[in-house]
Amino acid sequence: MGLIDSVKDAFASPSPKGRPDDGSKGAYWCDDCSNRIRDVELDVDPGEDVDCPDCGETMRFERSSGRDCAC
């Protein structure tokens, strides 16, 4: 396969989505130690307090917004 064919294939490939579509609504953040846990990785009810596994402080929930979110 030549260079031209490689470039054509790269442009023909579908672009990846900006964020995963696994039902995540955001992530829990620990302001003390900067730990982050996505909500889909935990078995908690929405609005339930989550303690940081590293320092034990209560984590705050931050909703994701837009397609460019790092969540």
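It should be emphasised that the depicted structure is a prediction, and the values quoted were computed from it without experimental measurement.
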Applying side chain to side chain donor-acceptor pair (under 3.5 Å) to Asp51 and not counting sequence neighbours gives none

Search all heavy atoms of Tyr28 against all heavy atoms of Val44 and return the closest pair with its distance. OH-CG2, 3.8 Å

If you take all heavy atoms of Pro53 and Met59, which pair is closest and at what distance? CD-SD, 4.3 Å

What's the verdict on side chain to side chain contact (heavy atoms under 4.5 Å, CB included) for Trp29 and Ile37, showing C-alpha distance, side-chain angles and the deciding distance? CA-CA 7 Å; Trp29 293 84; Ile37 304 173; over 6 Å; no

For Asp54, the side-chain contact (heavy atoms from CB on, under 4.5 Å) test, sequence neighbours excluded, returns Cys33, Asn35, Cys52

Quick one: does any side-chain atom of Asp39 pair with a main-chain N or O of Ala27 as donor and acceptor, under 3.5 Å? no

For the atom pair NZ (Lys25) and CD (Glu62), what is the distance rounded to the nearest 0.5 Å? 16.0 Å

Only counting residues at least two apart or in another chain, list the ones meeting side chain to side chain donor-acceptor pair (under 3.5 Å) with Asp32. none

Would a 4.5 Å heavy-atom cut-off, applied to side chains only, mark Phe61 and Val50 as touching? no

Residues forming a side-chain contact (heavy atoms from CB on, under 4.5 Å) with Val40, sequence neighbours excluded: Asp22, Ser24, Arg38

